[in-house]
Each structure stands twice: as C-alpha cells, then as structure tokens.
Amino acid sequence: MSSSDTHTAVGFTDLIRGVVKMAPQAPGMLKHVPGLIRRPPEAKRTIGSIFQNHAQAHPDRPFIRFQGRSMTYGEVNRRVNRYAAVLAESGVGKGDVVAILAKNSPTDLMLMLATVKLGAVAGMLNYNQRGKVMAHSVALLDAKVLVHDPDCAEAFESIPAEGRPPRVFDFADFDAAAEGRSEDNPAVTATLPASTKAFYIFTSGTTGMPKASVMSHNRWLANLSGIGGLAVRLKHSDTMYVPLPLYHNNALSVSLGSVLASGACIAIGKSFSASKFWDDVILNRATAFCYIGELCRYLLAQPEKPTDRQHAVRVIIGNGMRPEIWDEFAERFGIDRIVEFYGASELNLAFVNAFSVKRTAGFCPLPYKIVEYDDHGEPKRDAHGHLTEVGKGGTGLLVAEISERVPLDGYTDPEATEKKVIRDAFKAGDSYFNSGDLVRDQGFAHIAFVDRLGDTFRWKGENVATTEVEAALDSFSSIAQSVVYGVEIEKTDGRAGMGAIKVRDGSDLDPGKLAAHLYDHLPAYAVPLFIRVVDDFEQTSTFKNRKVELREEGFTKVGDDDLYVLAGRDKGYVDFYDDYPSDVAAAKVPKG
C-alpha cells in the first residue's frame, strides 16, 4: 500500500464520532467560538492582556515548568513586568523591535511576554544561524535592543559589532537591570489593539536567506481560539510540554496559545532528546506535548522501554505526523488524541484536526481552494486566465483567500510577500496566498498534507512526492531513516529520484530486497534510481533534514558513501558505475 492510500477520505460518520468525543468538553469550547468567527482588529485583546488576566485571576496556578521546577502565573507576571520596565527605559515602545537570541528557557519566554506587553515586536532569532545568515536576520529586525543567552555565545559572536542594536544585554545583565523595578502591569498593555504586531518568526532559510514572517496578536488569537480552545482543549490543570524551539510558531503560537486558552501550564524542554524525551515529560508532569513529524519518527525509532507508557500524556498537537505511523505511534505511546494541524508562519489560515479523525491535517472553516499547478510548481491558469480547482478527492496546490476577514500578515519584506500573492485568481480583483504546498482534498473541508512543492519532483512525466517515497523506504526493515530528493541527469527531462538512507544499527542492507520492496510499494516511476548510504543526517533545529545540501551533492559528490543504482525490476540495485547516467539517458536502464 502506498502512503497515498493512508490519506483516507473523511466521512459524515467520522464527524459524528468526533462530536460525540468532544461533547464533554463542549462548555469550555463554546466560549472560544466567537474568537474564531470574529476577531475585530481594533479589539483591546492581546497576548499580554490575556496572560496578565490569568495572573490576576489565578496568581498561584503554575504557568511555567522547567526541568521539574514550577513558576506561578503571579510570579511570572511580576518578573515580566520588571523586564518590561527595563525595555521601556531602553527606549522600547509600541512598534519597536526587541531581538531575542536564546535557547529554550523561562527567561526566553518571559522576555517575549515583556516585549509584547509594551506593544513592541519580539524578533525571535534562530540560534543555529551564523555569519552572513545571522547578520542578515539581525539587519532585517532593525531592533532597538538585543538580549542574548550565554548558551548562544557562538551565534552572538558571529554578529558583526557594527550590526548589533544600540543596546545589548546578556541574561545576567538583564536580570541585574530588572532588580527592584516596578512589578505593576505596564499601562500601555490595556490600550493595545489586536492588530498590533507581536513577533517576527524566521523561515528556515534552507535555500537563500531567511525571511521574517509577521505574527500579529490577532492572528495569534486565532491559534488560541481555533487550535487551542476548539481542538486541543486543555483544562487549567493540564501541562503542555514544548520540546521545539521557542523561535518557531509551533511552540510560540500553537502551544502557548493552547496553554493560555485555558490558563494551563507550559513545560519548556531545553532541547529535544529522543532517548530522554519521556523522562523529561514525566519529570515535568506533562499531559500534552507539541510535535513535528520528524520528532515522532525519532521517538518510534528508539528501543521500547517502560517510560513509553509511564507518562500522563493523552493529547498531542503538531504537524507532519505521517499517515503510515499514526496508528503505531498512538498505540505504542498510549496517546488518546492526535491533533494534527496544517499551517505556516506566513499563511493566513490553518487546518486543525478538531474532530479527532485519523490521518488528516484537519478542518478549516475559512475560504481556500485546491488548484491545478504547472511543471514549475506555479498555479496553472486556463484560457480565461483563471485558476482551476482539482476535483473531489484530488491533489493540488493549496491557495488561501486574502480578505478583510482573513488578512495576510506576510513577511517584513513587502516584495517577498507580493511574490506569494496570486492576483485575479478566480475573478477580477480577488487575491489568494500561494502556500507552496500540495494537499489532498479529503472531503468535509478536511485536507491531508502531501508535500512541499519545492520537494516534489517530476520524472517520466509524473509528479513524485518525496514524502511518499520516504514512507516506502522507511517501511523497509533495515532502514532507520531516509531523505528523498530529485537529481538532474544530463540529456533527460525532469529529475530522477535519489534517496539518502541511514541503515539501522546491527542491520545489513540487501539492495535486491530493497528494490523488490520499493516496486511493491511505489509506482515504477517513483522508485528512486540512486540510493546513497549515509552515516547520519545534518539537521535543522526543527529536525527537518537539510535536503538542499544532499540535492546539491547529487550522485557525483558522495565521498566514501556507498552508492547504489537501479538496474531494474529483476536485477534490483547494483553498485554505481560510471556509464549509469548515460545508460539512463539512453533508456537502457532501469528495466521493467
């Protein structure tokens, strides 16, 4: 069965089953419905006001837990207000930017809260960046103040002195400056409209320089209501464990929004460790956690141990849970609900699995279309210059309508934003945001994520989704992990499939059996022509493998790695030989 078969259609009975499951939580959910339907930009409702309202109403409830130790809402609010006083004295006001360069910690989160309480923008820098990339990101922010974590010394030192903001603090300096400051809520917080900018979140920058996407308080509130209040549905006694970096929206918007929707507790993981993950979950008494797909794959690859079921987690929220591991993950770790969602930092809508349906990225009530696309990954226009929707159950490019009701925050760079906007898509004057993602229509306003269009490649006149090929490779017993990408072969059209694989410890790779397995699981055109065996993968901080470097190395710069090529259905994979590319161009291989 191919991975596409696991993207099941969503039926009426699935929705009824989901409604029955959520019924006990209906009273708590109902209070969040208005926030999803109508969020006036002028409303005086922001992250800071919601947080301080919880602190006033329930000062003794735990709000932050870190390495097993708790801080209450009241305690955190007082510290945040002292931090805000330091920032204000440093000249930070509404619309100014505070650059935060930090690894996950309570201080990191409290600095963000202090910033947004002043109506300023938290520029959440990626601590993995260095040199020109880091200098570019800092320049984009044009911040008044930079606060940096001593654990990020290497990243900080790579920022040229002339490129640093006027005021720079490390954590110790900042804490010292905050001693004895006012613990009162800043007066400005109550006056801020929801349209105020809250954060700048950087895109990964695996190709080209990173862009800073804008997150307004109003869009963050959509996370709080739609994802937190209606889908995750935490109680105030719950604890959400966050092992993902706080400079990403999965942690800062989805997870924190879910926590503040009910006044629950956020447990901050310093960094992700597959071997110690459940120990940290148990230490922090977590009942929920956030994930991305790679994190789940790493947890499944760990040897089974008692802690797999000795935790109290019942619900998880994230994106990228592959359909083929969904049931196995839920069963092995005893997870009651998987709240998969689909969204992007710059996108103006999100899908969320509110009805607890298996193997779906969920439901969205906002206007979107799934459209046909061309060989360059651009939306395809018909003879009248309009886009064409795919049929029911079809796969296509997701585009989201931009309107007064669903505005687009975009990037800090208006030119970069405009490149992603499709004008006159279905009629004169309309506009849609191009997600750049392929999704499958599952019915009842549900979708399944298929692939990034940049990752999908075309071979033999067919579109090949890298996720589908990776799923087939990963289901082979001796493969621990894989990354798939397209490579160019001279005198051929499109890109041929190439897979980089890591072999499981203690396993031997049988190239013949691997080829037979892939032919059983994939269409012939999708079986990769090249298999490269690597020791490990370089990864970004969100555990997404850097396909770009592997794609650039192709099959000519593999160093000492073993490289196999597909001879055909009968012969399977054989050792690479110099004439293989020309044999492919001459249609001599692969056979069958």
Side-chain angles (χ1 to χ4, degrees), residues 51 54-55 58-80 82-83 100-114 124-128 147-155 170-176 178 234 236-248 250-252 254-256 258-260 263-292 295 298-299 302 305-318 333 541-543:
F51 164 67
H54 281 305
H58 307 285
D60 297 326
R61 276 187 193 163
F63 172 54
I64 296 177
R65 197 166 287 135
F66 184 65
Q67 297 176 337
R69 293 188 294 277
S70 300
M71 297 172 71
T72 66
Y73 271 86
E75 185 183 352
V76 172
N77 192 45
R78 290 190 292 276
R79 175 93 65 94
V80 165
R82 293 200 300 272
Y83 281 6
I100 301 171
L101 175 61
K103 294 200 171 173
N104 278 12
S105 70
T107 304
D108 188 8
L109 181 58
M110 290 188 287
L111 281 166
M112 182 281 289
L113 288 168
M124 307 301 288
L125 289 164
N126 178 337
Y127 52 73
N128 293 288
V147 189
H148 63 100
D149 178 348
D151 283 354
C152 299
E154 195 181 316
D170 66 16
F171 277 9
D173 293 338
F174 200 86
D175 277 325
L234 297 181
H236 70 76
S237 53
D238 280 317
T239 297
M240 167 77 76
Y241 178 68
V242 179
L244 303 176
L246 286 168
Y247 60 69
H248 272 290
N250 203 319
L252 210 55
V254 173
S255 301
L256 182 62
S258 297
V259 165
L260 289 179
C265 178
I266 183 167
I268 300 171
K270 191 168 178 65
S271 60
F272 172 73
S273 162
S275 59
K276 296 173 184 164
F277 179 85
W278 294 111
D279 296 327
D280 210 28
V281 163
I282 292 163
L283 173 67
N284 286 292
R285 307 191 290 288
T287 54
F289 68 78
C290 66
Y291 67 85
I292 60 169
L295 181 151
Y298 292 157
L299 292 178
Q302 287 290 302
K305 47 191 169 186
T307 47
D308 287 355
R309 286 291 194 118
Q310 286 173 349
H311 56 82
V313 172
R314 63 173 199 285
V315 59
I316 62 176
I317 171 76
F333 300 114
S541 57
T542 46
F543 326 119

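- Within the 4.5 Å cutoff, the side chain of Y241 has no heavy atoms near those of the T287 side chain.
- Partner of L111 under the side chain to side chain contact (heavy atoms under 4.5 Å, CB included) criterion, out of V147, L246, D149, V80: V147 alone.
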Practice item. Under the side-chain contact (heavy atoms from CB on, under 4.5 Å) rule, what do N284 and F289 come out as? Steps first, then yes or no, please. Key: CA-CA 11 Å; N284 286 292; F289 68 78; over 6 Å; no
Exercise for review: Output, in order, the C-alpha distance, side-chain angles, deciding distance and verdict of side-chain contact (heavy atoms from CB on, under 4.5 Å) for M124 and D108.
Suggested key: CA-CA 9 Å; M124 307 301 288; D108 188 8; 3.7 Å; yes
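- Remark: I266 CD1 to M71 CE distance equals 13.0 Å, nearest 0.5 Å.
- Under the 3.5 Å distance criterion, with hydrogens and angles disregarded, no donor-acceptor pair is assigned to the side chains of D60 and Y73.
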Point to revise | Chi angles and distances behind the side-chain contact (heavy atoms from CB on, under 4.5 Å) call for I64, M110 | key: CA-CA 10 Å; I64 296 177; M110 290 188 287; 4.1 Å; yes
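- The closest side-chain heavy-atom distance from Y127 to L101 is below 4.5 Å.
- The distance from the CG atom of N250 to the CD1 atom of I317 is 7.5 Å, given to the nearest 0.5 Å.
- Distance CD1/I292 to CG/L244: 6.0 Å, rounded to 0.5 Å.
- Minimum interatomic distance between A251 and S255 (heavy atoms only, all atoms of both residues): O-CB, 3.3 Å.
- Around atom CD of E154, no more than 12 heavy atoms belonging to other residues, nucleotides or ligands sit under 6.0 Å away.
- Nearest heavy atoms, K305 versus S275: NZ-O, 2.9 Å.
- The two residues H54 and L260 make their nearest non-hydrogen contact at NE2-O, 2.8 Å.
- Of all non-hydrogen atoms in P243 and L295, the two that sit nearest each other are CG-CD1, 3.8 Å.
- Atom-to-atom distance recorded for C265:SG and L234:CG is 10.5 Å, nearest 0.5 angstrom.
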Review point. Taking it one step at a time, do S70 and R285 satisfy side-chain contact (heavy atoms from CB on, under 4.5 Å)?
Key: CA-CA 11 Å; S70 300; R285 307 191 290 288; 3.8 Å; yes
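- The aromatic rings of F51 and F63 sit tilted, their planes meeting at an angle between 30° and 60°.
- A heavy-atom distance below 4.5 Å is not found between the side chains of D238 and V315.
- The closest side-chain heavy-atom distance from F171 to D151 is not below 4.5 Å.
- Rounding to the nearest 0.5 Å places CG of L299 at 5.5 Å from CZ of F277.
- A distance of 11.5 Å separates CG in D279 from NE2 in H311, rounded to the nearest 0.5 Å.
- T307 has its side chain within reach of Q310: a pair of non-hydrogen atoms, C-beta onward, lies under 4.5 Å apart.
- The minimum heavy-atom distance between Y247 and L125, with the atom names listed, is CD2-O, 3.5 Å.
- Side-chain contact between V254 and C290: absent, with no pair of heavy atoms (C-beta onward) separated by less than 4.5 Å.
- Looking at D280 and K270, no side-chain N of the basic residue comes within less than 4.0 Å of a carboxylate O on the acidic one, giving no salt bridge.
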